[in-house]
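Proteins get letters first, then strands, A, B, ... in listed order; numbering begins at 1 in each.
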There are 2 protein chains.
Amino acid sequence: MEMKSVIRSLRILEAVAQHQPVTVGELAKLYDIPKSTVQRTLVTLHEAGWLRASRGDTTRWEIGARVLTVRPAALQGASLFAAAREPMVRLRDALNETIHLSVPDGLDCMVVVDRVDCDRTVRTFHQIGDTSPLHATATGQVVLAHLTTAEVEEFIAAGLESYGEATITDPAELRAELQRVRREGYALNRNQYRPDVAAIAAPILDADDTPLAALAVSMPDSRYEPDRLPELGRLVAETATEITTRRLG
Amino acid sequence: MEMKSVIRSLRILEAVAQHQPVTVGELAKLYDIPKSTVQRTLVTLHEAGWLRASRGDTTRWEIGARVLTVRPAALQGASLFAAAREPMVRLRDALNETIHLSVPDGLDCMVVVDRVDCDRTVRTFHQIGDTSPLHATATGQVVLAHLTTAEVEEFIAAGLESYGEATITDPAELRAELQRVRREGYALNRNQYRPDVAAIAAPILDADDTPLAALAVSMPDSRYEPDRLPELGRLVAETATEITTRRLG
DNA sequence: GCACGCCATTCCACAATGTGGCACGGAGTT
DNA sequence: AACTCCGTGCCACATTGTGGAATGGCGTGC
């Protein structure tokens, strides 16, 4: 609506992040923006310290270290990371499956902020920085389950996009699922967002019970054993609770 | 020089990061920018998904989780912060001096990205986001010491600016110093950049041994005891190594 | 209960600012 | 030598951002 140059510059910044190291021409083609405009924007972002130019035969651009100084408050002082790291490693060791930690970006999406890998040949792969929708992932559902009814309804009103057969797109079904999550203390996702991926998540709460993050174990769906769900759910939930208390203690 | 609105918007973004959660008025006063301009910028950054508004009695702005999707290529995959935090706290507890973590921005500068303060009355003070030259700081020297000869020569060719009597400005002297750093595993800086500041740093390396970051303990020069250098150096180097292995494990 | 101060938010006339088609010089290819 | 692709620089134009002033809500003190 306003400040188009700023919005476009941030788009270009995100584009550089996804394709780094990238050249002016590539960006111009990819996003169909005049080359001179891309060029000017890159130079400006460089001036501001957000981009670095790696000069070889052709100039390639990449994200500079400055962005690391800009972090959400919840992650500053990194008390979340510090509290989460050790329990996450223990959970990985107990299950030998990939563990990850995600935080909500408002109602927009979940963002993966840390992970501990297992050593299996076949395993799920989540990059730090990956985003996913709230209603179609175990981590997102756990967050939704601890928001106010008003917030959940606002989220539902924005529409429940489908990512395959298993995605919950019916508002009533989602409300019922969230209630189940609240009762059980964990969420289960089988193939709702990505095919062949199963995940179990539990919430990490702030002092006022708002959901700060979600802890999840994820695995290929082929390795998911329904019989073990209560055991896994309890384990993930206990670990998440431990992180919550560690962080506040 | 150009795209002033973009540069100003990024300044405001960084300002929010440092003062979050913050109001329109506070930002306008702090940076002496008209309130309406700050307002417009915040709304725009919000539209772009980079800021979140936490509405209470007055609207407060904070950094959204989206920024976490934008990071330097070298740090993609596993979180540096998560791995570093706990060892940093332990090092602070052991020494009761300020610990900080810096990341190189190419050959341009080091950027402070995290810190753990000590509780002494007199202590060094590094803001997150502060930058410093590679050749005149302990953190920068450990990074230089783990780059290729070609890169180091490129850096030297760009000129070694002086920041006082203690700054190493002679290329030969710098090369010798870097060799010493490689041998010992840590760098010592006394007053080379800022007067009356002593710091000891060690490298955090990636899987291919490129330097990702540097861990440092810094103190007023008056508190530096030459006798303890081997002990401190070893401690910092061990902690840095621990972060390296944690990050990769 | 009225006046005041502080707040976030909106408006709008003005001109500063960003735009993008075009052109340039260099490097690699035909 | 002709061509193409690259990153970069230029500049007339009008779109875009600017910021002082106005609005309306809220809490405080007189």
Side-chain angles (χ1 to χ4, degrees), chain A residues 1-64 73 106 150-151 154, chain B residues 1-64 73 105-108 154 158:
Chain A
M1 205 65 98
E2 31 189 12
M3 308 208 73
K4 297 196 209 275
S5 63
V6 172
I7 289 191
R8 182 149 61 171
S9 297
L10 292 175
R11 285 262 157 72
I12 290 180
L13 186 65
E14 288 170 14
V16 172
Q18 277 169 31
H19 300 282
Q20 60 186 319
V22 73
T23 67
V24 179
E26 287 165 6
L27 286 172
K29 248 177 230 155
L30 269 166
Y31 294 83
D32 201 34
I33 302 175
K35 224 172 25 165
S36 55
T37 302
V38 174
Q39 165 78 358
R40 190 167 356 96
T41 306
L42 290 176
V43 170
T44 302
L45 291 172
H46 176 65
E47 254 177 47
W50 286 62
L51 289 184
R52 306 197 307 114
S54 73
R55 299 181 173 274
D57 43 345
T58 70
T59 314
R60 295 198 157 264
W61 298 87
E62 51 193 41
I63 302 294
E151 285 169 312
E154 181 190 337
Chain B
M1 205 65 99
E2 32 189 10
M3 307 209 73
K4 295 195 210 282
S5 63
V6 172
I7 290 190
R8 183 150 59 170
S9 297
L10 292 175
R11 285 259 158 73
I12 290 179
L13 186 65
E14 287 170 16
V16 171
Q18 277 171 30
H19 301 282
Q20 60 186 318
V22 73
T23 66
V24 177
E26 286 165 6
L27 286 173
K29 249 177 227 153
L30 270 166
Y31 294 83
D32 201 35
I33 301 175
K35 219 170 29 163
S36 54
T37 302
V38 173
Q39 167 78 0
R40 190 166 356 96
T41 306
L42 291 176
V43 169
T44 302
L45 291 172
H46 176 65
E47 253 176 50
W50 287 63
L51 290 185
R52 306 198 313 114
S54 72
R55 299 180 172 271
D57 43 345
T58 70
T59 314
R60 294 197 158 265
W61 298 87
E62 52 194 39
I63 303 293
D105 194 9
L107 296 175
D108 294 344
E154 181 191 337

- Rounded off to whole Å, could you give me the CD1-to-C1' distance for the A:Ile33 and C:dG21 pair? 16 Å
- Task: Give a yes or no on whether the backbone of B:Ala17 and the side-chain of B:Gln20 come within a donor-acceptor separation of less than 3.5 Å.
- Result: yes
- Query: Just to confirm, is there a sub-4.0 Å distance from OP1 or OP2 of D:dG7 to any side-chain nitrogen or oxygen of A:Gln39?
  - Reply: no
- Task: Measure the distance from CG on B:Leu10 to P on D:dG17 and round it to the nearest whole Å.
- Result: 14 Å
- Message: For a 4.5 angstrom cut-off between non-hydrogen side-chain atoms, does A:Val24 reach A:Thr59?
- Response: no
- Counting just side-chain N and O atoms, does B:Ser5 come under 4.0 Å of either OP1 or OP2 of C:dT17? no
- Residue whose closest nucleotide on DNA chain D lies nearer the 5' end, A:Val6 versus A:Glu26: A:Glu26
- Message: Looking at D:dG7, I'd like to know if its phosphate oxygens (OP1 or OP2) sit under 4.0 Å from a side-chain N or O belonging to A:Thr23.
- Response: yes
- Message: Using the rule side-chain contact (heavy atoms from CB on, under 4.5 Å), only one of B:Val22, B:Thr41, B:Thr44, B:Thr37 pairs with B:Ile12; which is it?
- Response: B:Thr41
- Taking CZ from B:Arg60 and P from C:dC7, how many angstroms apart are they, rounded to a whole number? 10 Å
- Let me know the distance between CG of A:Leu51 and P of D:dG7, rounded to the nearest Å. 15 Å
- Would you say B:Thr59 reaches C:dA8's phosphate, i.e. side-chain N/O to OP1/OP2 under 4.0 Å? no
- Nucleotide D:dG7, atom C1' - distance to NZ of A:Lys29 in whole Å: 13 Å
- Rounded to the Å, how far apart are B:Trp61 CH2 and C:dT9 C1'? 11 Å
- Item | Nucleotide C:dT17, atom C1' - distance to CZ of A:Arg40 in whole Å | 10 Å
- Message: Tell me the interatomic distance from B:Lys35, atom NZ, to C:dT9, atom C1', rounded to whole angstroms.
- Response: 8 Å
- Message: Ignoring hydrogens and geometry beyond distance, is a side-chain donor-acceptor pair present between A:Trp61 and A:Glu26 at under 3.5 Å?
- Response: no
- Taking only N and O in the side chain of B:Arg8, is any of them less than 4.0 Å away from OP1 or OP2 of D:dG19? yes
